[in-house]
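Here's the structure we're looking at; comments come further down.
Every heavy atom of this structure was used, including side-chain atoms; hydrogens, water molecules and symmetry mates were not. Numbers restart at 1 for each chain; the letters A, B, ... are given by sequence-line order, proteins then strands.
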Number of protein chains: 2
Amino acid sequence: MKDNAVGVAPPARRRRGASMADVARVAGVSAQTVSRVSNGSPDVVEETRARVLAAMKELGYRPNSAARALKHGEFRTLGVILFNLSSTGNVRTLEAIAESAALEGYAITLLPAVPTQTGVNGAFTRLGELAVDGVIVIMEVHLLDSATLSLPPHVQVVVVDSDAGDRYAVVDTDQRGGARAAVEHLLELGHRTVWHLAGPPDSFAAQRRTDAWLAVLREAGRTVPPLLFGDWSAESGYMAGRLVPEDCTAVFAANDQMALGLLRALHERGRRVPEDVSVVGFDDISEAASFIPPLTTVHQDFGEVGRRCVEGVLRQIRHQSAEHGTALVPTTLVRRASTAPPRQPR
Amino acid sequence: MKDNAVGVAPPARRRRGASMADVARVAGVSAQTVSRVSNGSPDVVEETRARVLAAMKELGYRPNSAARALKHGEFRTLGVILFNLSSTGNVRTLEAIAESAALEGYAITLLPAVPTQTGVNGAFTRLGELAVDGVIVIMEVHLLDSATLSLPPHVQVVVVDSDAGDRYAVVDTDQRGGARAAVEHLLELGHRTVWHLAGPPDSFAAQRRTDAWLAVLREAGRTVPPLLFGDWSAESGYMAGRLVPEDCTAVFAANDQMALGLLRALHERGRRVPEDVSVVGFDDISEAASFIPPLTTVHQDFGEVGRRCVEGVLRQIRHQSAEHGTALVPTTLVRRASTAPPRQPR
DNA sequence: GAGCTGGATGTTTGCGTAAACATCACGTAG
DNA sequence: CTACGTGATGTTTACGCAAACATCCAGCTC
C-alpha cells in the first residue's frame with residue numbers, strides 16, 4: 001500500500017454513484033419504474049424490466065440506503081455496545097447476534113466502549129448519532145446507569161449480563177444453575193468441600209456464580225473455604241493456583257481461562273488433576289476439551305443468548321414498546337477428565 | 001421478557017422521533033437555526049442556543065443520520081466482511097478495526113458470511129444495499145473472486161490475509177518472516193529437522209507458513225519430514241499429535257490452538273515438552289503463556305493490522321482512488337518454555 | 001440621517017427514494 | 001361506437017437535513 005498506485009485505479013470519478021434518475025434516463029423510463037424494478041414489483045412488463053436492469057448494470061447502480069432509510073423511517077440496523085472482544089462469551093454472543101440479525105435482514109453496527117465513565121458516555125454519544133433501530137448492550141448495566149447520557153428515546157434495548165430485568169429486557173445465561181451444577185457435581189463425587197476461584201467482583205456474572213457456589217455449600221452444610229479472586233485471565237488463574245492449600249481437593253473456577261492457569265499452577269506444584277485435585281470451569285470454550293487434562297466445565301449456549309437478544313429487540317421495535325423481565329438460557333455440565341472422586345475421602 | 005410489560009413502557013408513541021422542524025417550532029426559531037445549534041456553529045446567540053437546546057431536550061430530539069448521510073453523500077461507516085469470529089486472529093483484528101474506526105468517527109458494520117459460494121454471494125448482495133463507504137475483507141481473496149457478484153463500485157476495499165496485492169490493497173501479518181523465525185529458532189537449538197503441523201491448505205496464511213518452513217529446511221540442507229495437516233482447531237492438533245513419530249524432536253504448529261492439542265497428545269503419550277519434543281506455535285493468543293508448558297510462539301500484532309486496514313480504506317475513501325500493494329506487519333518470536341535443545345543431539 | 005457593515009436568523013433548495021395519485025393505451029362490454 | 005376497466009407507466013410529493021443564499025437589524029461613520 002505504498003502510496004496510491006496509478007495503474008487500474010479510476011481517476012477520481014464522480015463522488016456519488018448513479019441514482020435512480022440516472023438509470024431512468026438511460027433506460028428511457030421514469031424514476032418510479034426504476035424503483036419498481038429495484039423492489040421487484042410485479043407491475044412491470046418484462047421488456048421494460050430488462051431495459052432497466054441493463055441500465056442499472058451499465059451505470060453500476062446501487063440503491064442509496066440513506067435515502068431509503070429516510071423514506072422508511074427505519075434503518076434495519078441494530079447497534080451492539082460492548083467493552084471488548086477479549087472474552088469468549090462476548091465474541092460468541094456477538095457472532096450469534098450477527099447471524100440472527102442477518103437472517104432477519106438487519107445489519108449490525110459495533111460500538112466498542114472503554115469501560116470508564118467517559119468511555120461509556122462516548123459510546124452513547126456516538127450511539128445518539130447512529131443509524132440504529134435498536135441496541136443490544138453486552139455489559140453490566142450499572143455502567144449504563146452511571147452514564148450521564150441516557151439512551152436515546154425511540155431506541156429499544158436488550159441487555160446481556162445484568163440483573164436489571166425490572167427496567168430492561170435482559171437475556172442471560174443461567175449463571176446460578178450452571179454454577180450449582182458444577183459445585184453439586186464435585187460434592188457428589190465425594191469432595192468434602194469446594195474452593196472457588198471467582199471472577200472480578202464488579203462482574204454481575206461472577207457474582208452470581210459465587211452466590212450459587214456459596215448457596216450449595218451452605219445447603220449441604222459444608223465448610224466454606226476462603227474466596228480466591230481472578231480477573232478472568234489465565235494468568236490470574238495461575239496466580240490463584242499457587243495459593244491453593246495442599247488439603248484442597250476440588251476447585252470451581254468461574255471461567256475456563258482461569259481454570260487453564262489453575263491447571264498449570266497445579267501441574268508445576270506436582271499436584272495431579274484429577275487424582276489430587278478436581279477442577280471445573282465455566283464457559284466451555286472450544287479449547288477446553290484439549291486442556292491437560294480435558295476440562296469438565298459448564299457449557300453456555302451463547303448462540304441461544306444471541307438469538308434471543310435479536311428476537312427481543314426486534315419484537316420491541318415492531319411493537320414500539322419497551323419490555324422487561326429476564327430470559328434465562330439454560331446451561332449444561334460437560335463432564336470431561338478434570339474431575340474425579342477425591343483419593344482419600346477421609 | 002415475558003410478553004410486553006405494561007408498566008413504564010411508553011404507549012406506542014409516534015413512530016418517528018422529533019425532527020428539526022418540531023424542535024424549531026417549539027423553540028420558535030427556524031429549522032436552519034436548529035441545524036446550526038446541532039452542528040455547533042458559532043453564529044448563534046447564546047440565548048437562542050439555550051432555547052433550542054431546551055426544546056431538543058424536551059422533545060428528545062435525535063438527529064436523523066439517514067437524512068444527514070443523504071445530504072452529505074457519505075455514511076461514515078465501514079463494512080467488515082468475515083467468515084467467523086472463531087479464530088483469535090479475526091477477532092483481534094476486528095477489535096482493532098473497530099477501535100481505530102471509532103477514533104476517526106467511523107462506525108463499523110458487520111457482515112458475517114458463511115464460507116460457501118452462496119454465503120459469500122449473500123454477503124455481497126447485502127453489502128450492495130448497505131450504507132458503507134468502504135469495506136475491509138477478512139478472508140482469502142479467491143473466495144471474493146469466485147463470488148458472482150462483484151464488489152459494488154464506489155466502495156473502497158482493503159483485504160486481510162491474501163496475496164492479491166496486485167489488485168487490492170492488502171494488509172497482512174508477515175507470515176513468512178514469522179514462520180522463518182520459528183523454524184530457525186528450533187534449528188539453532190540444535191534440532192536436526194523440524195516437523196510442521198500445517199493449517200488447512202485453502203488458507204493463504206497456512207500456505208505461507210508452510211512455504212517458509214520448507215524454505216528454511218531446504219536452505220539448511222535438512223531432511224524434510226512429511227507434512228501434518230490440521231484445521232486450526234485444538235482437536236485437530238491433538239489428532240496430529242498422535243501421528244508424530246518417536247524420533248521427532250521439534251514441531252512447528254501453524255497456530256496456537258493446534259499447538260495446544262499437540263501438547264496434550266504428547267503429554268498423553270508420555271513425551272515431555274520441551275525435554276523430548278520442542279513445540280512452537282503461531283499467533284500468541286492470550287492463553288499461550290498458560291499452556292503446559294508455556295508456549296514459545298510467534299506473536300502477531302493484530303492491533304497494528306487492524307489500524308493499517310482502517311488507515312488504508314480511509315485514505316482510499318478520501319482520495320476516491322483504489323490502491324494496491326501489500327503492507328506487511330512484522331512478527332516477533334516469543335520464547336517461553338516449550339522449546340529447548342534436543343536431549344541427544346546425535 | 002443616509003449609507004454601510006456585519007452578525008444573527010430565515011428561506012429556498014435538493015440529496016435519492018417510494019408512496020400516493022394521475023395518466024394513458026388498449027381491449028371489451030353494452 | 002362509446003364508456004369503462006385494467007394494467008403499465010409517469011408525476012408529485014415528502015422524508016430530515018444543511019449548504020447557499022437572502023434578509024433583517026443594530027451600531028457605525030461621515
Is there a donor-acceptor pair closer than 3.5 Å between any side-chain N or O of [X] and the backbone N or O of [Y]?
{"X": "B/E304", "Y": "B/V329", "value": "no"}
{"X": "A/T93", "Y": "A/G89", "value": "yes"}
{"X": "B/D133", "Y": "B/R76", "value": "yes"}

Using atom [atom1] of [X] as one end and atom [atom2] of [N] as the other, report the distance to the nearest whole Å.
{"X": "A/M56", "N": "C/dG16", "atom1": "CE", "atom2": "P", "value": "15 Å"}
{"X": "A/R68", "N": "C/dA19", "atom1": "CZ", "atom2": "C1'", "value": "14 Å"}
{"X": "A/K71", "N": "C/dC15", "atom1": "NZ", "atom2": "C1'", "value": "14 Å"}
{"X": "A/F75", "N": "D/dC15", "atom1": "CZ", "atom2": "P", "value": "15 Å"}
{"X": "B/L70", "N": "C/dA18", "atom1": "CG", "atom2": "C1'", "value": "13 Å"}

**Q.** Nucleic acid contacts of residues 33-54 of chain B, taken as heavy-atom distances under 4.0 Å to DNA chain C
**A.** B/T33, B/R36, B/D43, B/V44, B/V45, B/T48
Residue [X], side-chain atoms from C-beta onward, closest of [options]:
{"X": "A/Q32", "options": "C/dT17, D/dG16, D/dG10", "result": "D/dG10"}
{"X": "B/M20", "options": "D/dG16, C/dG10, D/dA18", "result": "D/dA18"}
{"X": "B/S30", "options": "D/dG10, D/dC17, C/dG10", "result": "C/dG10"}
{"X": "A/V29", "options": "D/dG10, D/dG16, C/dT17", "result": "D/dG10"}
{"X": "A/N64", "options": "D/dC17, C/dT11, C/dG16", "result": "C/dG16"}

(Q) Taking side-chain hydrogen bond (donor to acceptor under 3.5 Å, both in side chains) as the definition, give me every residue that meets it alongside B/E46, ordered by chain and number, with sequence neighbours left out. (A) none
**Q.** Minimum-distance pair of heavy atoms, taken over all atoms of B/I138 and B/V80
**A.** CD1-CG1, 4.0 Å
Q: Check whether any side-chain heavy atom of B/L94 sits under 4.5 Å from a side-chain heavy atom of A/L110, and report yes or no.
A: yes
